[in-house]
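To start, the structure itself, in structure tokens.
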Amino acid sequence: MEENKEIKNEVVQNAKETPPADMPGNGNAGKQPKNVAAANEESPVLPAVDGESGRKQKLIKQVHFFMMFLSSGLIAAAGSFLHAKSREEIICNTLMVLLGTGMVIFALLFSEINKLYFYENHGKYGKFILFYLSALVLSLLFPLLPVAGWPFLVVFVILSLFSNSISGLTAGSVCLMLSVMLQSAGSCREFMLYFFSGLVGILVFCRLNEEFKVGLPVFISLTCLTVCLAANIILFDRERLSLSQFTFVAINLMVNFILLLITLKIFNGSVIHRYRDRYMDLNDPEFPLLVQLKEFDKAEYYRAVHTAYLGDRIAKRLGLNDVVVKACGYYHRIGVLKGENTWENVKSICEEYRIPEDTRKVLKEYLSKGKVVAKETTVLMFADCIVTTILGEFAKDPKADLDYKKIIDTVFNKKLETGALAESDISIAQMREMRKIFKAEQLYYDFLR
């Protein structure tokens with residue numbers, strides 16, 4: 001009994017500190033999007049990479065880029081040779097593709113430095129390089145088809161989804177340029193036709209979130225492609241209008257539609273919702289790690305459960321990454337299993353139990369010294385602090401008649417006065433809504449007795 005009283009007193013003391021000793025500020029947890037996520041409206045907080053691991057990753061990235069650059073030149077040269085181009089044309093095509101590939105690499109690095117990636121593509125160039133080289137190979141085959149049948153809309157969209165807008169646009173343009181140069185009667189009209197339709201595709205698909213509403217983007221991109229094909233192919237056909245003139249246009253639209261659906265399905269499973277099943281396990285109160293916490297210290301376990309519940313409720317109402325906030329509520333104190341609840345201890349447990357990166361980012365920001373930045377971290381901080389404060393009051397007197405609204409106002413005012421939210425991305429309107437939601441949960445607080 002004495003030991004439990006000491007734990008509860010410590011919890012109460014921690015809740016009254018600002019920020020609490022075990023809850024310093026944290027960074028961003030973008031959902032890559034929620035836009036996955038986060039999937040993400042905010043730029044992700046990128047973990048620092050140094051030491052031997054950092055040098056190894058940098059070397060691997062350089063090798064990948066070098067192989068990408070070299071392979072693109074070989075593809076362009078071999079394709080030009082197979083299309084029976086002259087020596088001058090082979091040299092010209094190869095140099096242009098090499099120059100374009102260099103621009104693609106620059107765009108990737110530029111995006112990395114300026115944190116312009118949407119779907120957690122930062123530092124993950126393997127898939128993009130594979131798709132880019134595959135698109136270059138396909139660009140050698142497209143000139144064998146009528147111009148009206150080139151499925152470049154999907155090429156642009158795929159390359160942008162697995163990098164970002166600027167990198168996808170640059171890479172798609174290089175592939176399109178190669179096809180136009182290899183096409184016997186290629187002209188700027190064909191290039192601009194697919195360039196603009198590809199640009200529209202990139203723009204409408206660049207901000208997919210977990211709701212994954214793709215109906216309107218698919219409609220807009222295909223409509224734009226139809227207009228471009230009509231204006232640049234059918235309009236300049238000198239023959240009389242006939243059904244055969246629309247055949248390749250219709251086939252092109254159908255092929256792009258089918259490939260877009262396939263691409264989006266793969267992207268949804270591998271990027272937007274790639275952690276969905278994992279979060280279902282992690283956010284189960286009977287998950288082995290939580291069971292271990294319960295056996296180790298029931299007070300910490302119930303603190304985590306209550307924090308997760310409130311955090312989840314707030315995040316859903318504010319339109320934030322609720323599965324991340326809920327997981328952080330469950331595991332923000334998991335470091336006690338290894339002694340002190342430090343980020344180093346929490347990090348090792350996260351790695352052992354394969355906790356997703358976006359949750360780790362919030363936990364790292366939350367358990368590191370500094371200001372709170374991400375909205376998800378802000379919600380976690382208030383949920384934990386309010387739960388801890390109420391638990392502490394009930395630890396003193398289980399029958400106490402607490403004024404929950406006054407406690408919530410005190411917690412919010414103290415955080416605002418101390419400047420703990422000075423760098424938070426959360427808006428004033430969201431703060432007001434969050435305070436309102438916390439006050440509306442008065443019946444739930446009675447379960448904390």
Side-chain angles (χ1 to χ4, degrees), residues 32 43-44 46-83 85 87-143 152 154-182 191 195 198 202 206 263 266-267 270-271 357:
Q32 321 142 70
S43 299
L46 304 174
V49 180
D50 50 20
E52 186 65 26
S53 176
R55 288 191 293 271
K56 183 178 180 180
Q57 290 185 22
K58 186 176 181 181
L59 178 61
I60 292 175
K61 180 171 66 176
Q62 291 174 347
V63 171
H64 283 172
F65 284 154
F66 175 77
M67 295 303 298
M68 171 184 171
F69 183 80
L70 181 62
S71 299
S72 65
L74 293 175
I75 292 172
S80 300
F81 177 79
L82 293 175
H83 279 271
K85 296 299 180 180
R87 182 176 61 183
E88 291 77 9
E89 288 176 315
I90 294 175
I91 296 174
C92 175
N93 294 348
T94 303
L95 290 177
M96 291 298 292
V97 170
L98 286 173
L99 177 61
T101 303
M103 294 170 61
V104 172
I105 295 173
F106 176 82
L108 292 171
L109 295 175
F110 176 83
S111 301
E112 179 179 330
I113 293 173
N114 292 280
K115 303 178 183 178
L116 300 178
Y117 291 100
F118 293 144
Y119 305 111
E120 297 186 0
N121 290 314
H122 172 85
K124 303 173 183 177
Y125 305 116
K127 289 183 179 178
F128 174 82
I129 293 174
L130 177 62
F131 287 131
Y132 175 67
L133 295 178
S134 299
L136 282 176
V137 173
L138 291 175
S139 297
L140 305 180
L141 304 178
F142 292 158
F152 264 105
V154 177
V155 172
F156 275 87
V157 172
I158 290 177
L159 292 174
S160 66
L161 287 177
F162 287 93
S163 58
N164 66 344
S165 298
I166 185 173
S167 303
L169 182 62
T170 307
S173 300
V174 175
C175 297
L176 175 58
M177 175 188 68
L178 181 59
S179 289
V180 172
M181 290 191 300
L182 295 178
F191 181 88
F195 177 81
I202 289 175
C206 70
T263 300
I266 294 173
F267 184 74
S270 63
V271 178
E357 184 63 29

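Side chains are part of it too, since the values below use all heavy atoms of this structure and drop only hydrogens, waters and symmetry mates. Predicted model only: the values in this text are computed from it and were never measured.
- Under the rule for a side-chain contact (heavy atoms from CB on, under 4.5 Å), the partners of Glu88 that lie at least two apart in sequence or sit in another chain are Ser86.
- The distance from atom CG of Leu98 to atom CD1 of Ile75, rounded to the nearest 0.5 Å, is 10.5 Å.
- Applying side-chain contact (heavy atoms from CB on, under 4.5 Å) to Met68 and the options Ile129, Leu136, Leu130 leaves one that passes, Ile129.
- For Phe191 against Ser173, the heavy-atom pair with the smallest separation is CE1-O, 3.8 Å.
- Here the straight-line distance linking atom CG of Leu99 with atom OG1 of Thr94 works out to 12.5 Å at 0.5 Å rounding.
- Considering only residues two or more places apart in sequence or on other chains, Thr170 meets the side-chain contact (heavy atoms from CB on, under 4.5 Å) condition with Met103, Val104, Ala107, Ile166.
- Remark: the backbone N or O of Asn164 is not paired with any side-chain donor or acceptor of Ser167 at under 3.5 angstrom.
- Side-chain contact between Leu178 and Leu140 is present, with at least one heavy-atom pair separated by less than 4.5 Å.
- Residues Ser80 and Glu89 have side chains not in contact (no heavy-atom distance under 4.5 Å, counting atoms from C-beta outward).
- With contacts defined as side-chain heavy-atom distances shorter than 4.5 Å, the pair Gln62/Leu59 qualifies.
- Using a 4.5 Å heavy-atom cutoff, the side chains of Met67 and Val63 are in contact.
- Distance check: Lys58 NZ to Lys61 NZ gives 7.5 Å after rounding to the nearest 0.5 Å.
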Residues Val155, Leu138; criterion side-chain contact (heavy atoms from CB on, under 4.5 Å); working and verdict: CA-CA 10 Å; Val155 172; Leu138 291 175; 5.6 Å; no
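- Taking the six-membered ring where tryptophan is involved, the planes of Phe267 and Phe162 are perpendicular, since the angle between them exceeds 60° and thus also 30°.
- Partners of Leu74 under the side-chain contact (heavy atoms from CB on, under 4.5 Å) rule, at least two apart in sequence or in another chain, are Leu70.
- Note that the CZ atom of Phe128 and the CG atom of Leu161 stand 11.5 Å from one another [nearest 0.5 Å].
- To the nearest 0.5 Å, the span separating CD1 on Ile90 from CE on Met181 amounts to 12.0 Å.
- Aromatic ring centroids of Phe195 and Phe152 lie 6.0 Å or more apart.
- Side chain of Ser139 to backbone of Cys175: a donor-acceptor contact under 3.5 angstrom is found.
- Checked by atom type, the side-chain pair Tyr132/Thr101 shows a donor-acceptor distance below 3.5 Å.
- Taken from CZ in Phe156 to OG in Ser165, the straight-line distance is 12.5 Å, to the nearest 0.5 Å.
- Below 30°, between 30° and 60°, or above 60°: for Phe65 and Tyr125 the angle between ring planes is between 30° and 60°, a tilted geometry.
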